[in-house]
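Just so we're on the same page: letters track the sequence lines, and every chain starts at 1.
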Protein chains: 2
Amino acid sequence: MVITRTRIQEKNRSAILEAGLDVFSQYGFRGTTLDQIAEAAGLSKPNLLYYFPSKEAIHAELLETLLETWLDPLHALDDTGDPIREILDYVQRKLDMSRDYPRESRLFANEILQGAPRIGDNLTGELKSLVDEKAQVIRGWIAAGKVAAVDPYHLIFSIWALTQHYADFDVQVRAVLGGDDPFPGAEAYLTQVFSTLLRP
Amino acid sequence: MVITRTRIQEKNRSAILEAGLDVFSQYGFRGTTLDQIAEAAGLSKPNLLYYFPSKEAIHAELLETLLETWLDPLHALDDTGDPIREILDYVQRKLDMSRDYPRESRLFANEILQGAPRIGDNLTGELKSLVDEKAQVIRGWIAAGKVAAVDPYHLIFSIWALTQHYADFDVQVRAVLGGDDPFPGAEAYLTQVFSTLLRP
DNA sequence: GCGTGATTTGACCAAGTGGTCAAAGCTACG
DNA sequence: CGTAGCTTTGACCACTTGGTCAAATCACGC
């Protein structure tokens, strides 16, 4: 069953998702109103509901596509590559995502802050097993003496925390730095952190 | 002008603030309803509004007390102490706060995610000048060869990110770890990270 | 036990909410 | 053209929301 869409459908659906991402990522699910989304998308509320059956549906579709792109960088961690290079590359990819997709990062943060009511299963399922797998890879590297002995789970958490911080807490970071672009400095600093940490 | 309060006032005000912290920290300002807070506090809505003039007022009071306790650990960073010890102690204090006051951490995270509409001034004022001051202290330590050369601002960001992550993303962390208490592991890992990073 | 001020509440309100619907407007294609 | 089907909208609805108010209830010092 292939879904065919007219150009208008294509355009309006993506305008709605774009607007929804804007608003949901700032106010969370409950704090967002359909009127806000409709306004941001340049549509009337009934017209918006012609393309999506409910507020839930918009949010669900956003979360779904988010989860895919969110796990991709970790998937790409290659057990046959050079260990430290692989991890530093992962850090870089995650930092790039914070720079290029800050709204996605905040949408995810909002969902987790609320206790992950809509993606709890993905966390204990898909996410956990992916992390378990990659933690094993890192354990292998440690055993082979290629990487310093660190807890692989907390290593992964720290990569998430440090990179997503620049998207989720952007306002705070910029307030403290006085408005300068934080990312060049962040990249240098994170490289330094993980290089010194992981050197065997 | 001293505010005197009866025992009942004392009790109900703190019940409301407690309940407000619970709900605001999960759903953000807009996503929270007075009925939710009233229910959680065990009061009727009109009764709740007898103690606080509005939803705003509850939120404002929570944020105000939050900001105080939030900056305390950084204030305590002592330029006359042993540099690495001072920084590691700061990390420890912030991690303790994530363990003991996760709701406060999430309340703050929610406020920042929304663009800090109510505390923007504190960020560019109070917070920025405190961080500027402590960054200078760290620069001094680096110049004296007591601490490895790192960007002091990103160092501070990284401490915030790594410690608050365990409160704000608690659900995710526990989902991945399978429910074990993350804090012992976090403490060991963070000590390792900052020890290796800061060793001159 | 009584009166006064503190406390609590049921009933209410206007505005905002997610969502519906029938009718109108538009577009592509024969 | 014409028309069938896609798109848009104004009017509307039931429910929730933040907040008010007058009246009822309660606690406490005399």
Side-chain angles (χ1 to χ4, degrees), chain A residues 1-64 107 110-111 114 117-118, chain B residues 1-64 107 110-111 114 117-118:
Chain A
M1 185 195 126
V2 182
I3 309 164
T4 50
R5 296 206 181 100
T6 68
R7 267 152 299 160
I8 293 180
Q9 278 169 354
E10 211 65 68
K11 195 193 67 177
N12 282 342
R13 278 183 56 91
S14 69
I16 291 168
L17 290 172
E18 184 69 13
L21 182 55
D22 253 21
V23 188
F24 280 131
S25 68
Q26 219 184 116
Y27 298 106
F29 182 76
R30 299 217 15 205
T32 293
T33 74
L34 282 177
D35 288 296
Q36 275 177 295
I37 301 177
E39 157 104 51
L43 298 174
S44 67
K45 187 168 58 170
N47 199 10
L48 186 153
L49 287 162
Y50 171 72
Y51 291 101
F52 287 87
S54 67
K55 182 179 163 184
E56 274 278 347
I58 304 172
H59 193 252
E61 181 146 340
L62 283 170
L63 273 186
E64 200 183 330
L107 180 69
N110 251 311
E111 175 68 11
Q114 282 165 38
R118 297 152 214 279
Chain B
M1 183 195 126
V2 183
I3 309 163
T4 50
R5 296 207 180 101
T6 67
R7 267 154 298 164
I8 293 180
Q9 277 169 355
E10 212 64 67
K11 195 193 68 178
N12 282 342
R13 277 182 57 89
S14 68
I16 292 167
L17 290 172
E18 183 69 13
L21 181 55
D22 252 22
V23 187
F24 280 132
S25 67
Q26 216 183 118
Y27 297 107
F29 181 76
R30 300 217 16 207
T32 293
T33 75
L34 282 179
D35 289 295
Q36 275 177 294
I37 301 178
E39 156 104 50
L43 299 173
S44 67
K45 188 169 57 170
N47 199 9
L48 185 152
L49 287 162
Y50 172 71
Y51 291 100
F52 286 87
S54 67
K55 179 179 162 182
E56 274 278 347
I58 305 173
H59 193 252
E61 182 146 337
L62 282 170
L63 272 186
E64 200 183 328
L107 180 69
N110 251 311
E111 175 68 13
Q114 281 166 39
R118 295 152 216 276

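Nearest to the side-chain atoms of A/Gln9 among the listed nucleotides D/dC6, C/dG18, D/dG18 stands D/dC6.
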Checklist entry - Step by step, would you call B/Asn110 with A/Asn110 a side chain to side chain contact (heavy atoms under 4.5 Å, CB included)? => result CA-CA 8 Å; B/Asn110 251 311; A/Asn110 251 311; 3.8 Å; yes
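With rounding to whole Å, A/Arg13 atom CZ is found 12 Å from D/dT7 atom P. Distance, B/Phe29 CZ to D/dT17 P: 14 Å, rounded to whole Å. As a whole-Å value, the separation of B/Lys55 NZ from D/dT17 P is 9 Å. Rounded to an integer number of Å, the gap from CD of B/Gln36 to C1' of D/dG19 is 17 Å. Taking atom CG of A/Asp35 as the reference point, atom C1' of D/dT17 lies 14 Å away to the nearest angstrom. Straight-line distance from the CD1 atom of A/Ile37 to the C1' atom of C/dT17: 13 Å, rounded to whole Å. Distance CG (B/Leu34) to P (C/dA15): 18 Å, rounded to an integer number of Å. For the pair B/His59 NE2 and D/dT17 P, the computed distance is 17 Å after rounding to whole Å.
The side chain of B/Ser44 contributes an N or O atom lying less than 4.0 Å from OP1 or OP2 of C/dT9. A sub-4.0 Å separation between OP1 or OP2 of C/dA6 and a side-chain N or O of B/Asn12 is absent.
Taking every heavy atom of residues 45-53 of chain A and every atom of DNA chain C, pairs under 4.0 Å involve A/Lys45, A/Pro46, A/Leu49, by number.
For B/Gln36 (side chain) and B/Thr33 (main-chain N/O), a donor-acceptor pair under 3.5 Å exists by modelled atom type. Here the side chain of A/Glu111 pairs a donor or acceptor atom with the backbone of A/Arg118 at under 3.5 angstrom.
Side-chain contact between A/Phe52 and A/Leu17 is present, with at least one heavy-atom pair separated by less than 4.5 Å. At least one side-chain heavy atom of A/Phe24 sits less than 4.5 Å from a side-chain heavy atom of A/Ile58. The side-chain heavy atoms of A/Ser54 and A/His59, taken from C-beta on, include no pair separated by under 4.5 Å.
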Polar atom pairs between nucleotides 22-28 of chain D and protein, under 3.5 Å, N or O only, would you list them?
none

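Note that A/Arg30 lies in the cation-pi zone of B/Tyr27, set by a 6.0 Å cut-off to the ring centre and a 45° limit from the axis.
Heavy-atom nearest nucleotides on DNA chain D were determined for A/Arg30 and for A/Gly42, and the one closer to the 5' end corresponds to A/Gly42.
Note on A/Lys45 versus A/Glu39: no salt bridge recorded, every NZ/NE/NH1/NH2 to OD/OE distance being 4.0 Å or above.
Considering every non-hydrogen atom in both B/Thr32 and B/Lys55, the closest pair reads O-NZ, 2.6 Å.
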